[in-house]
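Accompanying notes for the structure given below.
All values reported here derive from a predicted model rather than from experimental measurement. Labels below follow one simple rule: chain letters A, B, ... track the order of the sequence lines, proteins then strands, and each chain is numbered from 1.
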Amino acid sequence: MQRIINDPDNVVDDAVKGYRRASPDLYAATEHPRVLKFSGETVDKVGVVTGGGSGHEPAFLGYIGEGLCDAVAIGEVFSSPTADAFLEAFRAANRGQGVACLYGNYAGDNMNVKLARQMAEMEGIDVQTVVARDDVASAPADQRDKRRGVAGEIIMWKVGGAAAARGESLDEVIRLAQKAVDACSSIGVGLSSCTIPANGKPNFSIDPGMMELGIGHHGEPGIEVAPLTDADAMASAMCGPILADRTFENGSEVAVLLSGLGATPVMELNLLYSHVADRLDAEGIKVHRTYIGNYFTSLDMMGASLTVVKLDDELKALLDAPCRSLAMTQ
Amino acid sequence: MQRIINDPDNVVDDAVKGYRRASPDLYAATEHPRVLKFSGETVDKVGVVTGGGSGHEPAFLGYIGEGLCDAVAIGEVFSSPTADAFLEAFRAANRGQGVACLYGNYAGDNMNVKLARQMAEMEGIDVQTVVARDDVASAPADQRDKRRGVAGEIIMWKVGGAAAARGESLDEVIRLAQKAVDACSSIGVGLSSCTIPANGKPNFSIDPGMMELGIGHHGEPGIEVAPLTDADAMASAMCGPILADRTFENGSEVAVLLSGLGATPVMELNLLYSHVADRLDAEGIKVHRTYIGNYFTSLDMMGASLTVVKLDDELKALLDAPCRSLAMTQ
Amino acid sequence: MQFLNASNGTEILDELIGVILENRTYLSEVDGAIGDGDHGINMAKGFRLCGEAIEGKQLSLHKALSNLATTLMGSIGGSMGPLYGSFFLGMANAVKDKDTIDAKAFGDMLSGGQTALQGISDAQVGDKCLIDTLTPAIAAYQKAIEAGESFPAALQALKTGAQQGRDSTKDLEARIGRASRLGERSKGHLDAGAVSCCLLLTQLADSTESRLETAAA
Amino acid sequence: MQFLNASNGTEILDELIGVILENRTYLSEVDGAIGDGDHGINMAKGFRLCGEAIEGKQLSLHKALSNLATTLMGSIGGSMGPLYGSFFLGMANAVKDKDTIDAKAFGDMLSGGQTALQGISDAQVGDKCLIDTLTPAIAAYQKAIEAGESFPAALQALKTGAQQGRDSTKDLEARIGRASRLGERSKGHLDAGAVSCCLLLTQLADSTESRLETAAA
Ligand SMILES: Nc1ncnc2c1ncn2[C@@H]1O[C@H](COP(=O)(O)OP(=O)(O)O)[C@@H](O)[C@H]1O
Ligand SMILES: Nc1ncnc2c1ncn2[C@@H]1O[C@H](COP(=O)(O)OP(=O)(O)O)[C@@H](O)[C@H]1O
Ligand SMILES: [Mg+2]
Ligand SMILES: [Mg+2]
Ligand SMILES: [Mg+2]
Ligand SMILES: [Mg+2]
């Protein structure tokens with residue numbers, strides 16, 4: 001395994017230490033070693049929390065900052081944080097106006113957040129949740145509640161974070177974050193596996209010359225394993241299920257988030273984007289804003305995930321609001 | 001080759017098209033298909049140009065923007081742009097106050113810039129150059145002129161770009177960019193090879209369980225091929241030649257740029273950073289600012305490059321100045 | 001009438017911890033076939049931490065199980081932390097005020113664990129997970145009690161039910177967890193969680209049986 | 001006295017383009033052994049574009065070589081663009097006002113190319129690159145002229161010098177370009193740029209010789 005680590009079993013703790021040392025202007029410690037909070041000025045507002053397994057850098061830590069998340073619970077690689085960690089994140093983010101916990105639909109995260117919420121309730125902290133379910137490949141449209149959360153989570157944090165920053169109430173932050181992620185349709189394509197340091201060997205396998213459409217962020221099975229196509233056909237294969245997931249009227253406005261999965265060069269993401277743009281153009285869809293780069297990864301996986309966000313004026317204003325963090329500054 | 005491309009021979013043109021479509025707020029076309037310029041407001045100032053081979057994303061295009069570069073000449077993957085392209089970049093950046101061409105020390109780039117400068121002279125455009133030579137592994141200290149330019153180029157663009165943005169003269173922009181890159185010592189460590197799409201196979205090889213200290217951005221040979229160590233020892237191996245390259249008095253202030261080479265997960269860069277920080281602490285060196293992420297890559301290579309920038313107040317002010325681009329916004 | 005003295009918490013917990021630590025490698029091997037090979041590591045981490053936390057203390061069964069539950073929830077995260085955590089918390093709460101635990105109370109304890117676990121997971125029998133061990137084992141125990149069998153006989157039924165449940169996972173296609181990625185190919189292998197659950201229930205039955213006392217009815 | 005009519009530019013250039021296009025695969029193969037295997041692709045790209053640009057035009061040698069130079073500089077980038085670009089530009093400038101090119105003028109043309117090339121590259125004989133072909137070839141030509149040999153004999157010397165130069169790269173350790181990465185291991189293989197340079201000089205000699213005219217001295 002060609003990786004930059006010490007003891008593979010301590011990779012998360014070691015990395016968290018590194019993040020803190022590297023960016024003291026962003027990260028402050030909490031009572032829990034697996035929870036970091038924003039070190040900037042404490043403003044009186046609704047707290048925004050997320051959390052999830054490690055290995056998706058810059059998610060989740062990279063989205064702590066101004067106009068984004070206030071605290072993050074950090075799990076082992078590809079494994080949910082503990083309930084204790086979520087609870088401490090709630091405490092760290094709470095300024096008496098309640099906490100919006102915005103996370104993705106995975107069994108472990110659901111269970112740990114649920115437990116943490118019960119504990120927070122006993123402490124008098126009001127925690128409301130939004131669960132991202134934006135991966136169109138993970139379940140059909142009539143079983144949305146089974147869908148996994150993927151890069152649409154970023155849009156949820158951005159919109160929820162911006163709403164909290166401008167002083168909205170907890171109910172309103174929750175409504176807007178829910179609206180944001182409900183507006184997202186995402187799909188991934190995997191071209192290689194990835195290696196969890198503690199395991200030391202690839203997590204699954206994709207044969208050379210093949211690609212997996214609809215792959216999940218941890219290698220969950222996709223819709224189809226097919227021969228690797230060129231970028232143009234790949235863009236079509238990715239846009240198909242997204243365009244079929246909801247109605248995009250002629251003239252609809254969208255944001256497009258095209259994230260690498262870790263090892264794919266950024267020039268190839270931009271190359272892929274130009275075909276995605278062709279496809280959206282052909283449908284009369286207007287692109288209001290793009291995010292292209294490594295926004296939500298899966299360790300060293302080759303591939304990309306595409307998220308299309310259907311916008312209205314309310315979402316546009318929140319998406320365009322300024323923010324400052326490791327992963328996103330605008 | 002598991003990559004997101006169309007015809008491997010057109011990967012650069014296809015990617016440039018993608019960059020333009022994705023970020024029209026940053027990129028505008030010029031007369032030359034391999035030159036992009038900043039699409040923002042045209043201010044009356046010294047023009048800042050760079051250029052180099054593709055495959056180092058987000059370098060070079062990602063550093064076009066406010067407070068950074070005005071135009072970039074784009075080469076094939078790992079191959080210098082043409083003299084024509086550099087010339088057109090000079091034209092695009094020139095607003096009558098001359099052009100600072102800030103690039104890296106590679107044979108092809110040197111030759112093409114030289115030709116382009118001769119042609120620009122005939123058109124009455126005053127072009128001055130700074131050539132980055134920050135890679136301590138590429139030649140000993142007494143043969144600095146032979147050293148390659150690596151991630152220190154980013155510091156050169158940042159400082160030169162900020163100087164131009166605040167209205168300095170061409171001579172002053174050149175002096176400051178030169179001072180910035182002279183203050184940089186860099187070294188890379190490679191853990192795997194990388195694949196140029198047009199070649200379709202790895203460019204060289206690093207055996208599993210080994211690492212190459214001092215590797216260049218295109219796989220140029222390093223100082224030593226050694227067994228892969230843990231991150232702590234790797235940080236020492238990288239800091240050693242950097243600390244030996246110049247005097248760091250107790251209390252010296254530095255900026256640290258730790259860039260992934262493409263496929264290394266960002267959590268590992270932060271993990272590595274904490275050991276670099278230990279090493280600098282031990283020398284009484286103060287870290288003023290960090291840049292940790294994929295700032296200057298080599299396609300899908302595993303590994304990292306470390307740049308330590310020795311600062312004074314003049315450089316600090318320019319490094320801390322605001323900027324906006326794909327790769328760096330502060 | 002036979003019963004377990006509730007003051008035996010530390011001893012019983014020590015034996016539960018022991019069985020997990022002894023089977024660390026085996027559990028990871030089972031997980032390796034169709035998962036990511038870390039189930040033994042995850043479980044051993046939580047149980048070892050719990051062992052360190054209770055060292056030298058003499059705890060009631062309620063306290064011991066609560067301690068295990070909170071350590072698991074607080075230290076292993078993922079799915080196993082909350083699943084086993086709430087299972088043992090549900091068990092602990094069911095014996096909160098008890099000094100002695102007879103066959104009926106032991107059954108209530110098991111059901112309390114099961115109910116708590118179902119409160120946070122929708123996993124069903126047939127999904128290929130620890131539920132495939134737990135549900136038939138507890139059902140077998142309760143059936144034995146209803147049929148008027150003795151406490152030791154019911155504990156035997158618990159073990160047999162757990163083993164049958166564990167073995168049933170071999171032919172199942174995984175519908176949850178990492179193994180679900182493999183679809184058809186997940187067949188032919190035991191589920192790691194079902195195996196650890198069987199080890200725990202079997203040890204619990206053995207530890208209980210060896211400490212049963214008899215009171216005049 | 002023998003001379004080349006300078007109006008033959010298009011024909012000579014066509015033959016230079018031809019030899020590169022014919023050897024596209026071969027040049028990439030040579031580069032593949034110790035480089036990245038694209039020298040044939042790079043050269044063919046530039047020469048093909050030049051062929052398209054001059055199609056149907058009747059050019060003097062000056063115009064033809066200028067055209068080749070600017071196309072190479074403008075289209076292939078890297079090191080080959082400026083190196084071959086300035087070489088051909090130096091040659092073009094040396095025959096700018098000439099209607100006829102005798103052996104002496106031909107030598108001046110070669111030297112003009114060499115000087116221009118040296119103006120932008122510090123590469124030396126022994127570095128394992130195209131200079132290893134060019135320098136001995138031109139030296140051999142000049143020596144033949146100085147020795148009073150005929151134009152065809154001097155052209156023959158050019159070819160022999162180029163081939164010997166090319167072959168000399170086989171045992172060299174590369175000090176520049178990608179092959180320098182291999183150190184010792186770069187030995188035993190020809191250098192790709194030295195091969196293309198030999199092809200070009202040989203073709204230039206042949207194309208010139210076949211068009212030599214004789215004037216009363
Ligand atoms: N949603 C779930 N509900 C119940 N059990 C589950 C669930 N997901 C996974 N499991 C159980 O977890 C076991 C794997 O645990 P472990 O290897 O420790 O975690 P991970 O799968 O995160 O590596 C599986 O064998 C299965 O029994
Ligand atoms: N600095 C230099 N000066 C002269 N010739 C060089 C130099 N660098 C490389 N070469 C020549 O270039 C040849 C390789 O050309 P090519 O394969 O087209 O470019 P690249 O090396 O960029 O792939 C080498 O065989 C060598 O002859
Ligand atoms: Mg695991
Ligand atoms: Mg596992
Ligand atoms: Mg090449
Ligand atoms: Mg080559």
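Sparse packing is recorded around CD of C:Glu55, with 12 or fewer heavy atoms of other residues, nucleotides or ligands lying under 6.0 Å away. Around NZ of C:Lys45, the count of heavy atoms belonging to other residues, nucleotides or ligands within 6.0 Å exceeds 12. Applying the 6.0 Å contact sphere to NZ of C:Lys159 captures more than 12 heavy atoms from other residues, nucleotides or ligands. The local environment of CD in A:Gln118 is crowded, with over 12 non-hydrogen atoms from other residues, nucleotides or ligands closer than 6.0 Å. Counting heavy-atom neighbours within 6.0 Å of A:Glu31 CD, excluding the residue itself, gives a total of 12 or less.
At a 4.5 Å heavy-atom cutoff, C:Ser28 makes no contact with chain A through either its backbone or its side chain. Proximity to chain C (any heavy atom under 4.5 Å) is shown, for A:Ile74, by neither the backbone nor the side chain. For a residue to count as touching a neighbouring chain, one of its non-hydrogen atoms must lie under 4.5 Å from one of that chain's; by this rule A:Glu220 touches chain C with the backbone only.
The CD1 atom of A:Ile196 sits 7.5 Å away from atom CG of C:Asp38, with the distance rounded to the nearest 0.5 Å. Taking CE of C:Met80 as the reference point, atom OG of A:Ser79 lies at 10.5 Å (rounded to 0.5 Å).
Checked by atom type and distance alone, the side chain of A:Lys114 pairs as donor or acceptor with a backbone atom of C:Gly119 at under 3.5 Å. No side-chain donor-acceptor contact under 3.5 Å links A:Asn112 to the backbone of C:Gly77.
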Q: Quick one: do C:Ile76 and A:Thr82 satisfy side-chain contact (heavy atoms from CB on, under 4.5 Å)? Show the steps, please.
A: CA-CA 6 Å; C:Ile76 61 176; A:Thr82 61; over 6 Å; no
Q: Check step by step if side-chain contact (heavy atoms from CB on, under 4.5 Å) holds for C:Met73 and A:Met111.
A: CA-CA 10 Å; C:Met73 283 190 200; A:Met111 291 188 278; over 6 Å; no
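Nearest approach of A:Pro221 to C:Ser180, heavy atoms of both residues: CG-O, 4.1 Å.
When A:Gly216, A:Ala83, A:Gly219 are compared by the number of non-hydrogen pairs under 4.5 Å with chain C, A:Gly219 comes out ahead.
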